[in-house]
Amino acid sequence: MNIRQLFLGDEPNQEVCVRGWVRTFRANRFIALNDGSCLANMQCVVDFEQIPEDVLAEINTGAAVEITGNLVESQGKGQKFEIRARNVIILGTSNPDEYPIQPKKHSLEFLREKAHLRIRTNTFAAVMRVRATLSFAVHQYFTQNGFYQVHTPIITGSDAEGAGEMFRVTTKNPEQADDKPDFFGKETNLTVSGQLEAETYAMGLGKVYTFGPTFRAENSNTSRHLAEFWMIEPEVAFSDLNDNMDLAEDFIKSVLAYVLEHCKEDLSFLNQRFAQEEAKKPQIERSSMGLLERLQFVTQNEFKRVSYTEAVDILRNSKPNKKKKFKYSVDGWGIDLQSEHERYLVEKHFTCPVIIFDYPAEIKAFYMRMNDDGKTVRAMDVLFPGVGEIVGGSQREERLDKLVERMKAMDIHEKELWWYTDLRRFGTAEHAGFGLGFERLVLYATGMSNIRDVIPYPRTPLSAEF
Ligand code: ATP
Ligand code: MN
C-alpha cells in the first residue's frame, strides 16, 4: 500500500510496509518518508537501539528505504497516523553532501537545473499531481460529452497558421551535400497545431478532440511560452462561434471544478504557496484573490464576452493607471492586442475571465469564417487573469469560394492544402473549434508563475537539457 492509501484508510494497529524517499531524519528517531502518492509525509519512528548502526548511518535525505512496522494513531499534531518502524532496509543510499535537494526552500530557478530531482519537492510533486489529474479530467469531460479523441500527426507537411516558427524534420545531413531526396520526399516539420487534421475528422466523427504535443520555434523567452507544449483542440461539426464559446467556457469550468474536488490537499498547499509569493509583490501587482478563491470564482461565474471592437473602445478610453499609459498605445481599430491590453481588460476592467470575439481578419488565420462586414472573422480568444490568452478558437470558413479567396490573399498554397479545401467540396458544413494550451491551464490551476515549472522538462530557446 502507498502512503496515500494508508492515510485514507481507517485501520491503525496493523503491520504495514512502505517504500519511499527520506525527506528528513531528525534526532536519530523520526524519518519523514514520502513516496509521491500524496503531499503528506509518513512519519516513521525508529527505535535506534534496535536498528544497526550502519543502517542508521545511511538514513539520509534522498535515500530510498523500505520500512516495516506498526501503523498507529499519531500523537503528533497534523497527522493521522505514524509508523513505529520495526525494520528499515536501505534500498538506495544518497550522499547528503552531494544530494542537491536539501530540506529547505530552494529557488525555482535552481530547481530548473535539477529537473530530474525537483519532483521530490512538495511544490513540484503537487503541481505534477494536479497536472495529471487535469489531464484525466480533460479526457473525462470530452468522453462524457460525446467527443472522440483523434491522434493527429506530429510530423506534418503543412503549417496550420501559414506562419514560420516551425522545427524542420529531416534525415539529411546538413554537412553533406547530397541530392538524394529527403526522407518524406518533401519538406516536413513538427506540428504547430493539429487543427486542420482535426477538422477533417470532425467532418466524419462529428465531435473530436486532440490532446498532444505541439512545437513552435518562436524565440519568445517569456514565462508563458514553451517550444514544446501540449495542446487540446476540440473540433465540432454543425456548430458556430457561439457554440464554440459555450464549449470553451463549460470545458474550462468543468476541469477546474474537477481538480478542486480531487486535489484538495495539493491545492491547499499551493494556495499557501501562492499567498506567500503574492505577498512579496508590490501592492498593485497582487492578485485580489487567493488561489482557491479564484478557482472557485471562475467555476461559479460567467465569463465576460465582448467583441474586439468593444474591447478596443474600452482600451482607448482608459488609462492603465494614473501616471503610465500603455507601452503600446491603442491607436485604432485593427491593432493586435498586446498582453498588457489583455491583462488590463481581464485584471482591471472586468476582473474575470474574458472572451473577445470577432477580430479583424487581417490579424487572424486564413481558415477563420468571414463575417458579413467583410472586415472581421469569427474568431475568439479566452483571456485569463495572470495567464493571458488560454484559448484561441474560431468558426471555420466552410464556403469554398471564400476560403480560397482568403488563401490567395494570405499567400497560402492551395495545392499543398488540397485535402483541406476538399472538405469544402464534399459535404461542407458549419464547424468550429479551439486550441487550449494545456500548460497555461496548469499554470492557472496551480498558481505558479512560470510555464517552465508546470511541465516536467521544459523546452525553451537554448535549453534542452535532460
Ligand atoms: P500567444 O499569443 O499567447 O503566443 P497564440 O495566439 O500564438 O498564443 P494559438 O496559435 O492561438 O496561440 O494557440 C492556441 C493556444 O495554445 C493558446 O491560446 C495558448 O494557450 C497555447 N499556446 C500557444 N503558444 C504557446 C507556447 N509557445 N507555449 C505554451 N502554450 C502556447
Ligand atoms: Mn491565439
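Source: prediction; values computed, not measured.
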Does a sphere of radius 6.0 Å around [atom1] in [X] hold more than 12 heavy atoms from other residues, nucleotides or ligands, not counting ones at 6.0 Å or beyond?
| X | atom1 | value |
| --- | --- | --- |
| Tyr328 | OH | no |
| Tyr148 | OH | no |
| Glu302 | CD | no |
| Phe183 | CZ | no |
| Phe238 | CZ | no |
| Gln5 | CD | yes |

Determine yes or no for a side-chain-to-main-chain donor-acceptor pair under 3.5 angstrom, with [X] supplying the side chain and [Y] the backbone.
| X | Y | answer |
| --- | --- | --- |
| Lys172 | Lys180 | yes |
| Thr214 | Ser193 | no |
| Thr222 | Arg224 | yes |
| His341 | Gln338 | yes |
| Arg343 | Phe384 | no |
| Glu233 | Gly194 | yes |
| Asp381 | Ile356 | no |
| Thr152 | Ala198 | no |
| Asn271 | Leu292 | yes |
| Thr351 | Lys348 | no |

Side-chain heavy-atom pair Met407, Thr421 within 4.5 angstrom cut-off |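 Yes - at least one pair of side-chain heavy atoms lies under 4.5 Å apart.
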Evaluate the side-chain proximity of Glu389 to Arg440: yes if any heavy-atom separation is below 4.5 Å, no if none is.
->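 Yes, their side chains come closer than 4.5 Å.
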Does NZ or CZ of Arg294 come closer than 6.0 Å to the centre of the six-membered ring of Tyr444, within 45° of the ring's axis?
->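 Yes, cation above the ring, under 6.0 Å and within 45°.
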In terms of side-chain geometry, is the basic nitrogen of [X] or [Y] positioned less than 4.0 Å from the acidic oxygen of its partner?
| X | Y | result |
| --- | --- | --- |
| Arg316 | Asp313 | yes |
| Asp35 | Arg19 | no |
| Arg369 | Asp240 | no |
| Arg305 | Asp246 | yes |
| Lys281 | Glu278 | yes |
| Lys280 | Glu277 | yes |
| Asp266 | Arg131 | no |
| Arg396 | Glu235 | yes |
| Glu397 | Arg399 | yes |

Whether [X] and [Y] hold their rings parallel, tilted or perpendicular, with breakpoints at 30° and 60°:
| X | Y | result |
| --- | --- | --- |
| His349 | Tyr344 | tilted |
| Tyr308 | Trp333 | perpendicular |
| Tyr420 | Phe366 | perpendicular |

For the pair Thr121 and Ile101, evaluate side-chain contact (heavy atoms from CB on, under 4.5 Å) and give the outcome as yes or no after the intermediate values.
-> CA-CA 8 Å; Thr121 64; Ile101 312 293; 3.7 Å; yes
With Phe147, which of Phe251, Tyr141, Phe142 fulfils ring pair (Phe, Tyr, Trp, His ring centres under 6.0 Å)?
->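 For Phe147, the ring pair (Phe, Tyr, Trp, His ring centres under 6.0 Å) check succeeds only for Phe142.
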From [atom1] ([X]) to [atom2] ([Y]), nearest 0.5 Å:
| X | Y | atom1 | atom2 | answer |
| --- | --- | --- | --- | --- |
| Thr460 | Leu226 | OG1 | CG | 7.5 Å |
| Arg112 | His106 | CZ | NE2 | 14.5 Å |
| Cys38 | Arg129 | SG | CZ | 6.5 Å |
| Gln195 | Phe434 | CD | CZ | 12.0 Å |
| Met245 | Ile355 | CE | CD1 | 6.0 Å |
| Arg23 | Arg120 | CZ | CZ | 9.0 Å |

Exercise: do [X] and [Y] side chains pair donor with acceptor under 3.5 Å:
| X | Y | value |
| --- | --- | --- |
| Thr376 | Asn371 | yes |
| Asp182 | Thr170 | yes |
| Arg452 | Asn450 | yes |

Please walk me through it: do Asn189 and Thr156 pass side chain to side chain donor-acceptor pair (under 3.5 Å)?
-> CA-CA 5 Å; Asn189 297 286; Thr156 60; 5.8 Å; no
Start with the C-alpha distance between Thr446 and Arg273, add both sets of side-chain angles, then the distance that settles side-chain contact (heavy atoms from CB on, under 4.5 Å), and finish with yes or no.
-> CA-CA 10 Å; Thr446 57; Arg273 185 181 184 287; over 6 Å; no
Can you spot which of Val127, Leu270, Leu39 makes a side-chain contact (heavy atoms from CB on, under 4.5 Å) with Asn122?
->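 Testing each of Val127, Leu270, Leu39 against Asn122, the sole residue satisfying side-chain contact (heavy atoms from CB on, under 4.5 Å) is Leu39.
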